[in-house]
Amino acid sequence: MGTNYKPETLCVQAGYKPGKGEPRVLPIYQSTTFKYDNSDQMGRLFDLEEAGYFYTRLQNPTNDAVAAKITALEGGIAGMLTSSGQAANYYAVFNICEAGDHFVCSSALYGGTFNLFGTTMKKQGISCTFIDPDASTEEIEAAFRPNTKALFAETISNPSLVVLDIERFAKIAHSHGVPLIVDNTFPTPINCRPFEWGADIVTHSTTKYMDGHAMSVGGAIIDSGNFDWEAQKEKFPGLTLPDESYHGIVYTEKFGKLAYIQKATAQLMRDLGSIQSPQNAFLLNVGLETLHLRMPRHCGNAAKVAEYLQQHEKVAWVNFAGLKDNKYYLLAQKYMPNGTCGVISFGLKGGRDVSVGFMDRLKLAAIVTHVADARTCVLHPASHTHRQMTDDQLAAAGVAADLIRFSVGIENAEDIIADLGQALAAI
Ligand SMILES: *Cc1c(COP(=O)(O)O)cnc(C)c1O
């Protein structure tokens, strides 16, 4: 697919180009394995001497087509799907960090990622220092150590909605010889392409806007191909020194700019196996075909809802980067001039208990764990997704105890506002 097509065209067309007499729609390759004519052909695939499919745990044509579409949308060089956003973030870091290594991460973070990085990966010997994304450059740099291998942050954090200063973070990462990994789940490449601002690797929970219909859990990792692993040879031995589990292949020598994704596929997917099912990849692809239509609607509806809430006497505060008085308004204008996402957060006067009572009175907006799909939904992180966090950890993650996360869907904005109005009137 030509890289000069615009995002709208890529959403619909990228990744799959049928030949003569082939299916118009991307087929679901519902097959665990792939057939060869002789033993030598298969052997060459196992040696990574030839590209080709042999087992769906490593690669599947349906998944590859969808990964290629997301790669085109992000303007990257290579990409892969994973079974979930959690798996994507895990692989993205674990691909370049091993026991004894360290990485730096913004504390404004999705709760699941916070647990993964702060607890589970720690048990594997990989430590993470969380930093305030709004701290000074000097303070953030102080967290770097000789064994630091990456800087990680979310473009718009879930649920605290902090907007990342991508350029500043990229400069900090690069001045320490490490890549910037950005979780771009909330804006999607329709609203922000982090590679254009210096990020090296992008991850997604495709479960959210990309799927868009709350049908399938999934993730993706996309590489810009811009980070020079060879220039930091000692820092990244997994990429620049022989892989004994693959007959001594050196990924950077053999695959050049594709080294990072090749290693994550050939080694991590082979050994850890968090593959996305081809059926889910098919559904994700259907979602991607309308991503460019849905995102502006989500943003437009969210702006109307945020303005409504802001002027309501029972509302204590509203956080939405599209509001002019928002702390992140200018950063959002710079990185996401067409809108950020459909998620807003707010608190009610009277605090936590009032917030919970309000949520129970909503009729159109449903209480679900999910966020960022076509249907308006609502969640109270302190009692749901983030309930395992202490108050201090909640504060560091930018999640107030009274924070209501409101994910504005693509229904009619007036209906959403009417639902909020009746619930606010009842408390
Ligand atoms: C939901 C989410 C994840 C985790 O994704 P799953 O698909 O639920 O595993 C990671 N990062 C962000 C920003 C998310 O919103």
Side-chain angles (χ1 to χ4, degrees), residues 63 66-67 70 74 80-94 105-121 128 130 133 150 152-164 166 169 180-192 194 199 201-222 272-277 280-281 283-284 287-288 291 295 298 302 321 336 340-345 368-373 377-379 381 384-386 388-389 397-399 403 405-408:
N63 291 23
V66 181
I70 301 174
E74 287 287 4
M80 67 195 282
L81 299 188
T82 57
S83 57
S84 66
Q86 286 299 105
N89 284 334
Y90 177 50
Y91 281 20
V93 176
F94 193 57
C105 181
S106 164
S107 61
L109 207 58
Y110 174 66
T113 312
F114 180 81
N115 290 332
L116 169 67
F117 289 175
T119 306
T120 301
M121 289 184 77
C128 176
F130 294 101
F152 187 104
E154 294 173 4
T155 321
I156 306 174
S157 63
N158 176 9
S160 55
L161 306 177
V162 170
V163 177
L164 181 69
I166 308 173
F169 267 58
L180 172 63
I181 306 176
V182 169
D183 181 334
N184 198 35
T185 296
F186 267 16
T188 82
I190 297 303
N191 284 341
C192 183
I201 290 148
V202 157
T203 62
H204 283 280
S205 166
T206 60
T207 318
K208 313 294 165 53
Y209 289 117
M210 283 192 169
D211 170 291
H213 303 78
M215 294 188 296
S216 43
V217 174
I221 309 173
I222 313 298
L272 300 171
S274 309
I275 191 80
Q276 187 166 136
S277 80
N280 278 5
L283 292 171
L284 168 58
L288 287 167
L291 185 66
M295 287 312 290
H298 278 292
M336 292 162 264
T340 52
C341 65
V343 183
I344 67 179
S345 63
V368 296
T369 306
H370 202 239
V371 64
D373 74 71
C377 61
V378 64
L379 179 90
H384 305 141
T385 44
H386 288 58
Q388 73 293 334
M389 286 193 178
V399 185
L403 182 148
R405 184 180 73 185
F406 198 76
S407 176
V408 183

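Both backbone and side-chain heavy atoms feed into the values below; hydrogens, waters and symmetry mates do not. Bear in mind that the values here come from a model prediction, so they are computed numbers and not experimental data. Remember, it's 1-based here, ligands and their atoms both numbered in the order they're listed.
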Nearest-contact summary for atom 13 (C) of ligand 1 - protein heavy atom, Å: D183 OD2, 3.4 Å

Close side-chain approach of V343 and N158, heavy atoms under 4.5 Å: no

For atom 1 (C) of ligand 1, closest protein heavy-atom neighbour: K208 NZ, 1.5 Å

For T207, atoms of ligand 1 separated by under 4.0 Å from a heavy atom: 6 (P), 7 (O)

Side-chain heavy-atom pair T185, Y110 within 4.5 angstrom cut-off: no

Heavy-atom side-chain proximity of V408 to H298 below 4.5 angstrom: no

Distance flag, aromatic centroids of F130 and F117, threshold under 6.0 Å: no

Side-chain touch L284/L288, heavy atoms, less than 4.5 angstrom: yes

Proximal atoms of ligand 1 relative to Q86 (non-hydrogen, under 4.0 Å): 4 (C), 5 (O), 6 (P), 9 (O)

Nearest non-hydrogen partners of M295 and T340, listed with the distance: CE-O, 4.4 Å

Ligand-side contact atoms (ligand 1) for residue partner N158, heavy atom cut-off under 4.0 Å: 14 (C), 15 (O)

For atom 5 (O) of ligand 1, closest protein heavy-atom neighbour: S205 OG, 3.0 Å

Any donor-acceptor N/O pair, T203 side chain to N89 backbone, under 3.5 Å: no

Any N or O of E154 closer than 3.5 Å to N or O of ligand 1: no

Atom 4 (C) of ligand 1: nearest protein contact (heavy atom, Å): Y110 CE2, 3.4 Å

Parallel, tilted or perpendicular: rings of Y209 and F186 (30°, 60°): perpendicular

Any N or O of G85 closer than 3.5 Å to N or O of ligand 1: yes

Contact atoms of ligand 1, heavy-atom distance to G218 under 4.0 Å: 7 (O)

Region of N89 that comes within reach of ligand 1 [heavy atoms, distance under 4.0 Å]: side chain

Residue-ligand contact A87/ligand 1, heavy atom below 4.0 Å: no

